[in-house]
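Quick note: numbers below take in every heavy atom, side chains included, and nothing from hydrogens, waters or symmetry partners.
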Amino acid sequence: MSAPDPPSVSDPLSFANESEKFVDEDAATTTAASEFATEGLTELELCAQYCRGCVVSVQRHFHVRSLGEVCRRAMRAGEETFPLDLVEDLAQDDDGDVRQMVAEQLGVLAQALSETHTRQEDDVYTGLLCVAFLLVEDDVDGVVSAAETAVATVAALLTGDDARETLLAQIANLAQCEEEEIRVSGANIIGSLACTLGPDVSLTALAPLLITLSLDDQFQIRVAAARALASVGAAMRNEDVEASLVPVFRQLARDDVWSVRVAVANTLTSMATCLTHGAFHELVENVFEPLANDVSYQVRFAALENLGPLISALGGERTSAALVDHFVSVARAESGKGAGGSRDGLQLSCAFNLPGVALALGRERWGEIREAHATLADSVQWRVRRTVSCSLHEVAKILGPELTEADLCSIFDDTLRDTDEVREGAVSHLSDFLTELPRHAIVARLPLITQIGDPDDGGPPKHGAVGNWRLRQTLAAQLAAVSRICGKRANEDFVLPLALRLLRDPAHAVRAIAVGCLGSVLLETCGGCFPTPRAGAAQDAVESVKRMAMNPGWAERQAFVTMCGAFACVLDPSVVIAELVPLLVMTATDAVPNVRRELASVIATLRTNRAYATLPDLRDAAARLKNDLDRDVAQTARG
């Protein structure tokens, strides 16, 4: 009796076999990526082959994305023609991602044409421009925005009158198109092309189109036109701007739609800088005040947010007291108390622009914005306070020592007691701020500075937790510069002890910076030279460093070796040889390879100095390290 048939087991891949029946015949016969011929092809030809025929979308996208750089290399070689037909085909591809990649690379492709050793035919430049305009009319937003940006880059390659006429005709077609989105693109392109085409073409061709667009029934087109007016004005002569564009700009400032007035508020400074001094002041007086008091909050916000750059552009003599009052009112903004995010944004913008406003007004008019600065420094928003702290040194440079001591020192002190995010702004420019103070005011700040990162002042706990090591690292990076402006006594009492404390910080990044600055601090503490009598704070510091050579912790011994190298760069060689070299060479037998490797690096540096090159102890230590059992140590010693 025959054995029964085994039970049938369904094929786990049967779904794949079934699906083969539904594969499109054309797709099945398309060349696979692995079947492309590569022998004898240039890089550009190979890239074109994958861009046209590869059916693996990821692989095809990779080659389309790299087409621009491949073209640049090919054009530099000068042995191939520009693949305009390929670019045109890809610009009409069914895959929106491919079209967007082409649009984003139009600028690179244009640069490739400009770098070619042989001038291409004019048809190539015009063809690439036509591709850009074709993509401007795409239905994918990303493609459109990328193509708009690229038009100006491609247009810069055009030299002949015929090509220039083609360009202007294309722009006119966009500006007069029935589709609203395309007219918006036309306004955007007009703004980007003005500087490329120059003042005459901007006056005769671009400005009339832009004026027509500013009268469009659709407010989106008027918004785009308002944004482009300043760009076109920047390319035109002042008198032409005042005659043709300023009336349109003022009309848009009174537009019934608030988004149009917002666009005017955002471009007022740029537009005003295109005018003569008299027209500048007149435009600001006539346009800003209505916008700052507009019924729409969005318009008022845009006007006040851009007030700082406007005052900076006007300068102190032409800035009215009314504009300064508006700026101070922005700083108040209820000090952010109970305010929403928009008011916080106004305060942040005001804090960011305050140094520029202070520079424009000068120290003579500082009293008008002193209140604004103090209000921003006391804001409940830490980002506002941080912005103020980051610019304290810049404001101090503008005000000079007397006003800085009177008006900024208290703010500086409060900043150093603030949160770490705020303190970091002031600490990162610590020496720059202190430089602007009289010596007695500098010394008065040092006790507060030494409390930064102190375990007894909210710093890292004594058991060694790292805490906010970045703040202490920033402080350590400032110590060398601070020691140069403090004086010998202040260095002994504050800066040198602070440097020694940071030298033992639990974070390696802090210790590494402290090691590098300790030599400079020590030299300044000694008044420029190491003291002859071996006493005082400097000698105590050296003794403290020497004790690190015998520390049970290998990281301390490694830090000692590193410091010896740093000291050799700033201290007298006789001091280094007498005080440090005997302990330094002892580490050649240290049990930890990291210490010996650091020693090998330091000795190699020291022996480039003639004062140390002939020392027998260093020579013997170097020879020992070259034969070290640890490969890394020996390799470092051998160079």
Carboxylate-amine/guanidinium contact D139 R99, below 4.0 Å: yes
Presence of salt bridge, R52 and D85, under 4.0 angstrom: yes
Salt bridge flag under 4.0 Å for residues E43 and R73: yes
D93 with R60: basic N within carboxylate O range, under 4.0 Å: yes
Residues D200 and R237 bridged, charged N to O under 4.0 Å: yes
R72/E69 salt bridge by N-O under 4.0 Å criterion: yes
Side-chain touch Q381/R385, heavy atoms, less than 4.5 angstrom: no
Sub-4.5 Å side-chain heavy-atom contact between V131 and V154: no
pair S192-N188: side-chain heavy atoms closer than 4.5 Å: no
Validation row: L44, L67 side chains within 4.5 angstrom (heavy atoms): yes
Between CG on residue L134 and CD on residue Q92, distance to nearest 0.5 Å: 5.5 Å
Chi angles and distances behind the side-chain hydrogen bond (donor to acceptor under 3.5 Å, both in side chains) call for Q111, T153: CA-CA 8 Å; Q111 190 174 2; T153 306; over 6 Å; no
Pairwise distance CG(N286) to CZ(R250) - rounded to 0.5 angstrom: 5.0 Å
Reported CG-to-CZ distance for the pair L475 and R423, which is rounded to 0.5 angstrom: 9.5 Å
Point-to-point distance, once rounded to the nearest 0.5 Å, from CZ of R227 to CZ of R222: 13.0 Å
Approximate separation, where rounding is to 0.5 Å, of F62 CZ and C51 SG: 10.0 Å
